[in-house]
Q: 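Following this message is one structure expressed as structure tokens.
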Amino acid sequence: MKDELSFLQQAIALAKRSIMNGGGPFGAVVARNGKIIAEANNVVVSSHDPTAHAEILAIRKASASLKSHDLSDCVIYASCEPCPMCLGAIYWSGIKRVVYAADRKNAAAAGFNDGLIYDEIILNPSERKVVFIQFSDAGGEEVFKEWDEYEGKIPY
């Protein structure tokens with residue numbers, strides 16, 4: 001519990017530092033076995049990368065450090081409840097525990113409203129505000145057939 005609070009406070013400190021360095025007010029720490037593996041802050045504006053959220057960057061650093069795409073034995077500490085994109089990355093990485101401070105309502109009040117994404121993601125693609133067009137006869141299914149038959153695959 002003591003480690004968890006200190007890791008969460010480190011994520012918050014990263015978020016505060018990020019503001020002073022022109023980044024967004026978000027920080028994240030990935031820990032394993034009571035030790036910090038990676039940490040990052042939001043650099044969306046400075047990197048000109050809309051995916052450069054603190055959690056995404058911390059997950060990338062942790063994966064590189066551990067030389068593994070599987071972070072199932074790690075915990076992520078975030079200054080704020082992860083957005084839908086970061087939540088997806090957390091699930092894909094296998095992380096099973098998220099500890100955070102502020103929530104999505106706090107983020108929305110500060111101008112970071114993910115409500116539209118939460119609302120849109122449950123819709124059928126044809127009902128979303130972003131136009132989705134599927135060409136089902138373009139050969140995309142063949143790629144998955146090849147994957148199914150490929151003996152050298154590493155499932156994830």
Side-chain angles (χ1 to χ4, degrees), residues 3-134 140 143-144 147 153-156:
D3 282 345
E4 288 207 312
L5 183 56
S6 68
F7 293 156
L8 185 57
Q9 288 172 333
Q10 176 62 14
I12 293 167
L14 288 163
K16 288 180 178 183
R17 239 179 288 144
S18 183
I19 294 168
M20 295 297 122
N21 294 324
F26 303 96
V29 169
V30 176
R32 181 174 86 166
N33 298 328
K35 294 182 180 161
I36 293 177
I37 303 299
E39 57 184 40
N41 61 275
N42 177 294
V43 293
V44 167
V45 174
S46 64
S47 68
H48 310 290
D49 179 355
T51 69
H53 290 202
E55 298 90 338
I56 298 287
L57 299 176
I59 288 169
R60 289 176 182 164
K61 288 178 180 180
S63 293
S65 174
L66 297 173
K67 295 179 177 28
S68 177
H69 63 278
D70 180 3
L71 302 180
S72 59
D73 58 351
C74 296
V75 178
I76 191 162
Y77 299 86
S79 61
C80 184
E81 177 182 1
C83 75
M85 177 183 67
C86 294
L87 183 61
I90 289 164
Y91 276 93
W92 281 117
S93 71
I95 291 172
K96 293 179 174 50
R97 185 173 172 82
V98 178
V99 179
Y100 63 94
D103 65 18
R104 68 178 88 167
K105 292 175 187 155
N106 301 126
F112 299 93
N113 190 346
D114 300 324
L116 173 67
I117 299 169
Y118 283 109
D119 293 344
E120 290 273 304
I121 204 162
I122 62 172
L123 297 176
N124 186 309
S126 65
E127 298 171 354
R128 295 179 182 152
K129 294 185 186 316
V130 172
V131 177
F132 282 74
I133 300 171
Q134 180 184 17
V143 176
F144 290 110
W147 172 255
K153 68 183 167 209
I154 299 172
Y156 59 96

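All values reported here derive from a predicted model rather than from experimental measurement.
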Q: For the pair Asp103 (side chain) and Lys105 (backbone), establish whether a donor and an acceptor sit closer than 3.5 Å, ignoring hydrogens and angles.
A: yes
Q: Looking at Ile90 and Pro82, what are the two nearest heavy atoms and their distance?
A: CD1-CG, 3.7 Å
Q: Which atom pair, heavy atoms only, marks the closest approach of Ala62 to Val30?
A: CB-CG1, 3.7 Å
Q: Is there side-chain contact between Cys83 and His53, with at least one heavy-atom pair below 4.5 Å?
A: yes
Q: Where do Leu66 and Cys74 come nearest, in terms of heavy atoms and distance?
A: CD1-SG, 3.9 Å
Q: Go through the steps to decide whether Asn21 and Asn41 satisfy the test side-chain contact (heavy atoms from CB on, under 4.5 Å), and finish with yes or no.
A: CA-CA 10 Å; Asn21 294 324; Asn41 61 275; 6.0 Å; no
Q: Please list, chain by chain and in numerical order, all residues satisfying ring pair (Phe, Tyr, Trp, His ring centres under 6.0 Å) with Tyr118, sequence neighbours excluded.
A: none
Q: Sort out for me which residue in Leu8, Ile36, Val75, Ile12 forms a side chain to side chain contact (heavy atoms under 4.5 Å, CB included) with Val29.
A: Ile36
Q: Where do Ser18 and Gly24 come nearest, in terms of heavy atoms and distance?
A: OG-O, 2.7 Å
Q: Quick check: does any side chain N or O of Glu55 sit under 3.5 Å from a backbone N or O of Ala28, one acting as donor and the other as acceptor?
A: no
Q: Going from CD1 on Ile37 to CD1 on Ile59, what distance comes out if it is rounded to the nearest 0.5 angstrom?
A: 13.5 Å
Q: Please answer whether the main-chain N or O of Leu71 pairs with a side-chain N or O of Ser93 as donor and acceptor at a distance below 3.5 Å.
A: no
Q: Quick one: pull up OG1 in Thr51 and CG in Leu57 and give me the separation to the nearest 0.5 Å.
A: 7.5 Å
Q: Check the surroundings of atom NZ in Lys129: do more than 12 heavy atoms from other residues, nucleotides or ligands lie under 6.0 Å from it?
A: no
Q: In terms of side-chain heavy atoms, does Asp70 have a donor or acceptor partner in Ser72 at a distance below 3.5 Å?
A: yes
Q: Is Ser65 reaching over with its side chain to a backbone N or O of Lys61, donor-acceptor style, under 3.5 angstrom?
A: no
Q: Would you check if the side chain of Arg128 reaches a backbone N or O of Glu120 as a donor-acceptor pair within less than 3.5 Å?
A: yes
Q: Looking only at heavy atoms, which two atoms of Val45 and Gly22 are closest? And how far apart?
A: CB-O, 4.5 Å
Q: Report, as yes or no, whether the 6.0 Å neighbourhood of atom CZ on Phe144 holds more than 12 heavy atoms from other residues, nucleotides or ligands.
A: no
Q: Quick check: closest heavy atoms across Asp119 and Leu123, and the distance to 0.1 Å?
A: O-CG, 3.6 Å
Q: Answer yes or no: does atom CG of Leu116 have more than 12 heavy-atom neighbours from other residues, nucleotides or ligands under 6.0 Å?
A: yes
Q: Could you state the interatomic distance from CD1 (Ile56) to CE (Met85), rounded to the nearest 0.5 Å?
A: 4.5 Å
Q: Under the side-chain contact (heavy atoms from CB on, under 4.5 Å) criterion, do Asp49 and Val43 qualify, and how do the steps go?
A: CA-CA 8 Å; Asp49 179 355; Val43 293; over 6 Å; no
Q: Give every donor-acceptor pair under 3.5 Å between a side-chain atom in residues 107-114 and any protein atom, sequence neighbours left out.
A:
{"residue": "Asn113", "atom": "OD1", "partner": "Gly115", "partner atom": "N", "Å": "2.8"}

Q: Out of Gln10, Arg97, Glu4, Glu39, which one pairs with Tyr77 under the side chain to side chain donor-acceptor pair (under 3.5 Å) rule?
A: Glu4
Q: Output yes when a side-chain donor or acceptor of Ser63 lies under 3.5 Å from a complementary backbone atom of Arg60, and no otherwise.
A: no
